[in-house]
Amino acid sequence: MLNIDQIRRTPDEVAAALARRGEEPDFVELLRLDEERRAAITERDTLRATHNQLSREFGQLMAASRSGGGEPARLEELRAETQAVNERVEDLGETIREAEATIETIMLELPNLPLDSTPDGLDESANTVASSWGEARSYGFTPMAHWDLGDKLGVIDMERGAKLSGARFYVLTGPAARLERALISWMLDVHTREHGYTEMALPAMVREQVMLGSGNLPKFGDNLYRDVEEDLWLLPTAEVALTGLHRDEILDPGALPIKYVAQTPCFRREKAAAGRDTRGIKRVHQFNKVEMYQLVEPEQGEAALDSLVEDASDLLRRLELPHRVLSLCAGDMGFQSARTYDIEVWSPGCEEWLEVSSCSTCTDFQARRSNIRYRPEAGARPQYPHTLNGSGLALPRVIIAVLETYQREDGSIETPAALRPYIGADAIV
RNA sequence: GGAGGGAUGGCCGAGCGGACUAUGGCGCCUGUCUUGAAAACAGGUGUGGGGAAACUCACCGUGGGUUCGAAUCCCACUCCCUCCGCCA
């Protein structure tokens, strides 16, 4: 959610910032409603003050009449007056409610403002490579893509995934299932022991309010699974639940920064990506992901974003997987993001870069939507923190990269050194 | 699923139609005292909206209702607790 005061004060600047994302916002209606709302509130408050006066007088007269005094005529007068005031207050309340409902509808659909440091550009062609690490290995044979490799080794069962649940579901068997479990344990251990995150185990289903708070609703309901009987939605990412954790809270002085890490299943309908990445497990309806999350004071926002990128990259370096960091342009970022870096790992079998992490600062956008505030110091006014999220990392694509990168000519898969204590063997298969 | 109890400010907790402008305690902040601290004492201390400000309005789980007037009465809902049933 943007700050409506900012739109009121500098509509042109806000519009220009949104235009960088390809949005063409029209604030005329919004500002008219805002004006209408504030005028109605002012009038209603004045009337309510009058009403409180009249009511107090009424009470005093009643008390007097009980002790023998009494002015029945004046009482009737007061009754009529307050009733008239009440009617007008009701009307104004209706005006205010309608204006606020429309304002909210408009505000909930406006994306976050990109940071100044976010590069210009309207689509992925304008993304730039910020850094890269490692060289693609050369093989004395043609490396296989994971869909062939997984099939040949019998460790990725696409057919039975479909049998159980349909297209874009899969089953990991034996060594691949174990590889995933090892990766999850290892990633969580590194983040909690070395990067300073607190591990969280979260519900995979959340209320609509939580989805609104993170920015996934109302605009992106198409991509979500939900329970039809209850008000419950399946997480597309742990970011949603982590944002909801402190909804409607005021965090105590000294509470920030907060750093969480959580592994959850992620559920995505992928309707918008129909036909894309249909082979293998690059794009599926359900996958596991380790997610990092930070709540920080605004001044720390950009440094915190760098730390997320660093914490995610660290894992890839330890896995010795060549990767690069992309700086996303304004038009290619997610709805709630102000600045995003994607991390892509090289996949020698598919011969493409796979996005295994996306690190973003949402500035105060989600904090406003979720009403998360913090008190900078005792007695100070509550303020909105910045929220940041970054994958660390998404499992299926890391599994792809490990299988494809570490494959050997004899068909076995070498265990990355970092995972040996978790796998307990030199070869995964 | 059934029966009962509950939800009030950062926390505990009073209030059960009319000065609630929400008692009191704890905590926190400021001051006095002190070399410093503690203690004691005094004052202050919720959130949000509107307003340049003075100030004003709203908020006692949520949403309705009754009334000139609701934390207080009525209805519905949500969540929590206790017990019963079922169950990994």
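These numbers come from the heavy atoms of this one structure, side chains and all, not from hydrogens, waters or symmetry mates. Naming: A, B, ... by sequence-line order, numbering from 1 per chain.
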Work out which heavy atom in A:Met1 is nearest to a heavy atom in A:Arg369; give both atom names and the distance. N-CG, 3.2 Å
Residue pair A:Tyr422 / A:Ala182: nearest heavy atoms and the distance that separates them: CB-CB, 3.7 Å
Taking the [atom1] atom of each, how far is [N] from [M], in whole Å?
| N | M | atom1 | value |
| --- | --- | --- | --- |
| B:rG2 | B:rC20 | C1' | 39 Å |
| B:rG46 | B:rU8 | C1' | 12 Å |
| B:rG64 | B:rC87 | C1' | 37 Å |
| B:rC16 | B:rA22 | P | 16 Å |
| B:rU21 | B:rC57 | P | 10 Å |
| B:rA71 | B:rG61 | C1' | 12 Å |
| B:rG69 | B:rG18 | C1' | 7 Å |
| B:rC75 | B:rU67 | C1' | 16 Å |

How about A:Lys163: does its NZ atom have over 12 heavy atoms from other parts shown lying under 6.0 Å from it? no
Counting only side-chain N and O atoms of A:Arg381, is one of them less than 4.0 Å from OP1 or OP2 of B:rG48? yes
Hey, does the side chain of A:Arg373 come within less than 4.0 Å of B:rU47's phosphate (OP1/OP2), counting only N and O? no
If a protein heavy atom is under 4.0 Å from the base, mark B; if only from the sugar-phosphate, S; if neither, -; do that for nucleotides 53-63 of chain B going 5' to 3'. ---SSS-----
Can you confirm whether the side chains of A:Arg339 and A:Ser327 place a donor and an acceptor under 3.5 Å from each other? yes
Please tabulate the protein-to-nucleotide N/O contacts below 3.5 Å involving nucleotides 69-72 of chain B, giving atom names and distances.
from, atom 1, to, atom 2, distance (Å)
B:rG69, OP1, A:Asn86, ND2, 3.1
B:rG69, O4', A:Ser55, OG, 3.0

Whole-Å gap separating [atom2] ([N]) and [atom1] ([X]):
| X | N | atom1 | atom2 | value |
| --- | --- | --- | --- | --- |
| A:Ile372 | B:rU47 | CD1 | C1' | 17 Å |
| A:Leu232 | B:rU78 | CG | P | 13 Å |
| A:Glu90 | B:rG64 | CD | C1' | 12 Å |
| A:Gln83 | B:rU67 | CD | C1' | 10 Å |
| A:Leu92 | B:rG50 | CG | C1' | 13 Å |
| A:Leu47 | B:rC68 | CG | P | 18 Å |
| A:Glu87 | B:rC68 | CD | C1' | 13 Å |
| A:Leu251 | B:rU47 | CG | P | 14 Å |

Which value, rounded to the nearest 0.5 Å, describes the distance between A:Lys271 atom NZ and A:His285 atom NE2? 10.5 Å
When the ring planes of A:His195 and A:His191 are compared, do they come out parallel, tilted or perpendicular, using 30° and 60° as the limits? tilted
Closest nucleotide of RNA chain B for A:Asp5 versus for A:Pro382: which of these residues is on the 5' side? A:Pro382
For A:Phe58, does the six-membered ring have the charged nitrogen or CZ of A:Arg79 within the cation-pi criterion, i.e. under 6.0 angstrom from the centroid and within 45° of the normal? no
Cut-off 3.5 Å, no hydrogens considered: what does the side-chain donor-acceptor table look like for residues 296-309 of chain A, sequence neighbours left out?
from, atom 1, to, atom 2, distance (Å)
A:Ser307, OG, A:Gln294, NE2, 3.1
A:Ser307, OG, A:Ala304, O, 2.7

Starting at the 5' end of RNA chain B, write a dot or bracket for each base, bracketing those in Watson-Crick or G-U wobble pairs whose two distances are under 3.5 Å and using | for partners on another strand. ((((((((.[[[..)..(.....]]]((((((.......))))))(((((....))))).[[[[[..)....]]]]])))))))....
Just one of A:Thr95, A:Ile41, A:Leu31 clears the side chain to side chain contact (heavy atoms under 4.5 Å, CB included) bar with A:Glu36, so which one? A:Thr95
Identify which nucleotide among B:rG48, B:rG50, B:rC68 has an atom closest to any side-chain atom of A:Ile41, counting heavy atoms from C-beta outward. B:rG50
In terms of side-chain geometry, is the basic nitrogen of A:Arg38 or A:Glu43 positioned less than 4.0 Å from the acidic oxygen of its partner? no
Among A:Glu94, A:Glu98, A:Glu104, A:Glu100, which residue meets the salt bridge (charged side-chain N to carboxylate O under 4.0 Å, His left out) test with A:Arg37? A:Glu100
Could you go through A:Arg375 and A:Asp252, starting from their C-alpha distance and side-chain angles, then the distance that decides it, and tell me whether this counts as salt bridge (charged side-chain N to carboxylate O under 4.0 Å, His left out)? CA-CA 6 Å; A:Arg375 212 181 288 283; A:Asp252 289 330; 5.8 Å; no
Looking only at atom types and distance, does a side-chain atom of A:Arg373 sit under 3.5 Å from a main-chain N or O of A:Tyr384, one as donor and one as acceptor? no
Could you pull out the protein-nucleic contacts involving nucleotides 6-12 of chain B (nitrogen or oxygen on both sides, under 3.5 Å)?
none

Indicate, with yes or no, if the rings of A:Phe335 and A:Phe365 have centres closer together than 6.0 Å. yes
Qualifying ring pair (Phe, Tyr, Trp, His ring centres under 6.0 Å) pairs, either residue in residues 231-273 of chain A, two or more places apart: A:His246-A:Tyr260
